[in-house]
2 protein chains.
Amino acid sequence: MNNFGELIRAKREDKEMLLRHLAAQLDIDTAQLSKMERGERTVKREHVTQLINIFNLDPSKAFSVWLSDQIVALITNEDEALNALKMAEKQIKDLK
Amino acid sequence: MNNFGELIRAKREDKEMLLRHLAAQLDIDTAQLSKMERGERTVKREHVTQLINIFNLDPSKAFSVWLSDQIVALITNEDEALNALKMAEKQIKDLK
DNA sequence: GTACATTTGTCATTTAATGTCAAGTGAACA
DNA sequence: TGTTCACTTGACATTAAATGACAAATGTAC
């Protein structure tokens, strides 16, 4: 569900890092990181950037996933979610 | 650009209402409404509901436009805006 | 049961959104 | 030109939301 969090958790476990290790690198509380990984709290852009470096992630992909999480958080439970997405897409395309 | 605001302004002018008339109905400051109509400030869901009643708007359409504004505000200026939208769409569809 | 990693819950602090007001701009018209 | 009126702009106070920090709870391995 929370893709960015899952992504980070997978990477962290892959490298056998503990929450407190990664939390220390990000200079945040262990509890906070735990919540981020499980999608209970949003991840700040600043942390996305750091995580891209730490885990050597593809920046485009990482930012896409992270942004997507935010969009989903905004429109989940909205009846008009899909319509709104379509409209937004159109507007964004027109802006370019 | 700011679709919901434009929509409201159009309706208001159509009915020849002044900002202060509509602002009074919404129980907000005239300046605030002015900013909402021009997209300088976000519109609260509560106000959307009221405006739907006041102008007899199609609720689905109104909410779609309003939500879309928020999505656009969130992702404008993001390089990965379109990718993120696609991902979000997929997730929302899967949720159902 | 002890040790350790993680999760959960609460509350303080910070940041962002909203509300309120006063002054500014611009158009219409005497 | 200068007065009036609708609207806009900017500044600041207030409120609400996000984040940070900590302690206690949970769960697992030994």
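Quick note on labels: first sequence line is chain A, next is B, and so on, each numbered from 1.
A donor-acceptor contact shorter than 3.5 Å is absent between the side chain of B/S34 and the backbone of B/T30. No side-chain donor-acceptor contact under 3.5 Å links B/N3 to the backbone of B/V65.
Per the geometry, CZ belonging to A/R9 stands 10 Å off C1' belonging to C/dA5, to the nearest Å. Atom CD of B/E37 and atom C1' of D/dA6 are 12 Å apart (whole Å). At whole-Å resolution of the value, CG in B/L74 and P in C/dA17 are 11 Å apart. When rounded to the nearest whole Å, the span between CG of B/L22 and P of D/dA6 equals 14 Å. Atom CG in B/L26 sits about 14 Å away from atom C1' in C/dG19, given to the nearest Å. In this structure, A/L33 atom CG and C/dT7 atom C1' are separated by 12 Å, rounded to whole Å. Between B/L18 atom CG and D/dA6 atom C1' there is a gap of 7 Å when expressed in whole angstrom units. Computed from coordinates, the B/L19 CG to D/dC5 P distance equals 16 Å when rounded to whole Å.
The residues B/K35 and B/E40 are annotated as not salt-bridged, no charged nitrogen and carboxylate oxygen being separated by less than 4.0 angstrom. A salt bridge is absent between A/E6 and A/R38; no separation between the charged side-chain nitrogens and carboxylate oxygens falls under 4.0 Å.
The shortest distance between the side-chain N/O atoms of A/S34 and the OP1/OP2 oxygens of C/dT7 is below 4.0 Å. Listed pair A/R20 / C/dT6 fails the phosphate criterion, with no side-chain N or O lying under 4.0 Å from OP1 or OP2.
Note on A/R12: only backbone sugar-phosphate atoms sit closer than 4.0 angstrom, heavy atoms only; bases stay farther off.
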Might you list the N or O atoms of the protein lying below 3.5 Å from N or O atoms in nucleotides 17-23 of chain D, with each pair's distance?
unit_1: D/dT19; atom_1: OP2; unit_2: A/T42; atom_2: OG1; d: 2.5
unit_1: D/dG20; atom_1: OP2; unit_2: A/Q32; atom_2: NE2; d: 2.2
unit_1: D/dG20; atom_1: N7; unit_2: A/R41; atom_2: NH1; d: 2.7
unit_1: D/dG20; atom_1: O6; unit_2: A/R41; atom_2: NH2; d: 3.0
unit_1: D/dC22; atom_1: N4; unit_2: A/D29; atom_2: OD2; d: 3.4

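Heavy atoms from other residues, nucleotides or ligands lying under 6.0 Å from CG of A/D94 number more than 12.
Legend: side chain to side chain donor-acceptor pair (under 3.5 Å) pairs involving residues 55-65 of chain A, not counting sequence neighbours, sorted by first then second residue: A/S60-B/E80, A/S64-B/E80.
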Residue pair B/E78, A/R45: steps toward the salt bridge (charged side-chain N to carboxylate O under 4.0 Å, His left out) verdict: CA-CA 12 Å; B/E78 293 284 349; A/R45 178 190 298 273; 2.2 Å; yes

